[in-house]
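Below, chains carry the letters A, B, ... as their sequence lines are ordered, and counting in each starts from 1.
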Number of protein chains: 2
Amino acid sequence: MSDNERLRDLAENLALILAQGGMQKATARVMTSLLFSRQETMTAADLCEELQISSGAVSGAVKQLAQSGLLERVPAPGSRRDHYRFPDGAWARLMSQQNQLLSTMSEVAEQGLAAADGPSTPAGRRLAEMGDFYAFMLRELPPLIARWRTDFTAKREVRVWRG
Amino acid sequence: MSDNERLRDLAENLALILAQGGMQKATARVMTSLLFSRQETMTAADLCEELQISSGAVSGAVKQLAQSGLLERVPAPGSRRDHYRFPDGAWARLMSQQNQLLSTMSEVAEQGLAAADGPSTPAGRRLAEMGDFYAFMLRELPPLIARWRTDFTAKREVRVWRG
DNA sequence: CAGAGTATTCAAAGTTCTCTGAAACTTACA
DNA sequence: TGTAAGTTTCAGAGAACTTTGAATACTCTG
């Protein structure tokens, strides 16, 4: 199997995993195509051809991905077509967006605790644990992600110096 | 609105959020019922009545939840019915299970990097970043969760002494 | 070991979601 | 401003997933 075939295989495989995790199939395939593509950017037509899906499906996938920051439009002078790419830092951004959910979980738990007459009732015990856990994660995760960003940026610069 | 109604409302609301995030509706509702219930445990019949769903749906939901550690069967002497409860430490366990996914992401990125002729190609750059990010998270998340467990266990013990 | 009370399985029905293909819309250039 | 290239929208077909309800299997208890 050539390296190109291997890349395509890995892309389709990862798309499958993401689809099982709730992402739309076409959306997942567009995302992994961009991620594993040898090209810097891909056009909608490229994606249609590579994935054998309609332009409508590509349009929908692009919309969703752009909203969650997993795809960016690249200005392409001299081309009428939109060019898309998988943005640098997307993974970190994706995980940061999870904070939204953590925050919701934490709030719901607090409200529940208030309605449950404190942490000594069964419901109160469960909700207190839930609230504590999500508050903890909400406190700890953002600095962790920030630390990765710093580390990785430093590493990348070393690579660039070395050329 | 009474506190009981508020609890039920919060439960249904959270179930809706989880369902939007890909969890099956019946499964999410069973989970949040157990989480917000004033009782220590609930039976299948309790769940059927509270949620107005069939026993088949409850059975399916119980199966799924038990597999992911979000529900546990409680031995109930003197009752023929199974009793279910939301287990202590479930949230931490749930997050730990995400490590499986982190691990997969990290591996796929490595394999992709190998097929992409190193980090100086466009695909290589993207996959190197992805691999680095997930390897980092895989290294940092488990100790973080362990730390929460320790902290929370200590806190709970303080509550018990005082209680 | 018989029988009542529960839990689980499974086919069928219902529901929701996704993709396609065509039409409408937008944009860039002559 | 007209035209051609490209993108987005949307209704409808089809696929995939959920739930139900009845039949089956299980498990205590007398």
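- Across dT9(D), dT8(C), dC19(C), the shortest atom-to-atom separation from the side chain of A57(A) is found for dC19(C).
- Under the 4.5 Å side-chain heavy-atom criterion for ILVMFWY residues, a single connected hydrophobic cluster contains both L94(A) and L71(A).
- Across A61(B) and V30(B), no two heavy atoms sit closer than the pair CB-CG2, 3.8 Å.
- When the nucleotides dG21(C), dT8(D), dA7(C) are ranked by their closest atom to the side chain of S54(A), dG21(C) comes out on top.
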Verdict with reasoning, R81(B) to D46(B), per salt bridge (charged side-chain N to carboxylate O under 4.0 Å, His left out): CA-CA 10 Å; R81(B) 300 180 173 185; D46(B) 290 341; 5.1 Å; no

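- The residue R80(B) sits close to a base: some heavy atom pair falls under 4.0 Å.
- In the hydrophobic cluster analysis, where Ile, Leu, Val, Met, Phe, Trp and Tyr join through side-chain heavy atoms closer than 4.5 angstrom, L16(B) is grouped apart from L35(B).
- Of the residues in residues 14-26 of chain A, Q24(A), K25(A), A26(A) come within less than 4.0 Å of DNA chain C through at least one heavy atom, sorted by number.
- Of the listed nucleotides (dT20(D), dT8(C), dT9(D)), dT8(C) has the atom at the smallest distance from the side chain of Y84(B).
- Screening F136(B), F133(B), Y134(B) against W91(A) for a ring pair (Phe, Tyr, Trp, His ring centres under 6.0 Å) leaves a single residue, Y134(B).
- Residues of residues 37-50 of chain B that place a heavy atom closer than 4.0 Å to DNA chain C, in numerical order, are A44(B).
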R126(B) and D88(A): CA distance, side-chain angles, deciding distance, salt bridge (charged side-chain N to carboxylate O under 4.0 Å, His left out) verdict: CA-CA 7 Å; R126(B) 291 187 292 259; D88(A) 287 348; over 6 Å; no

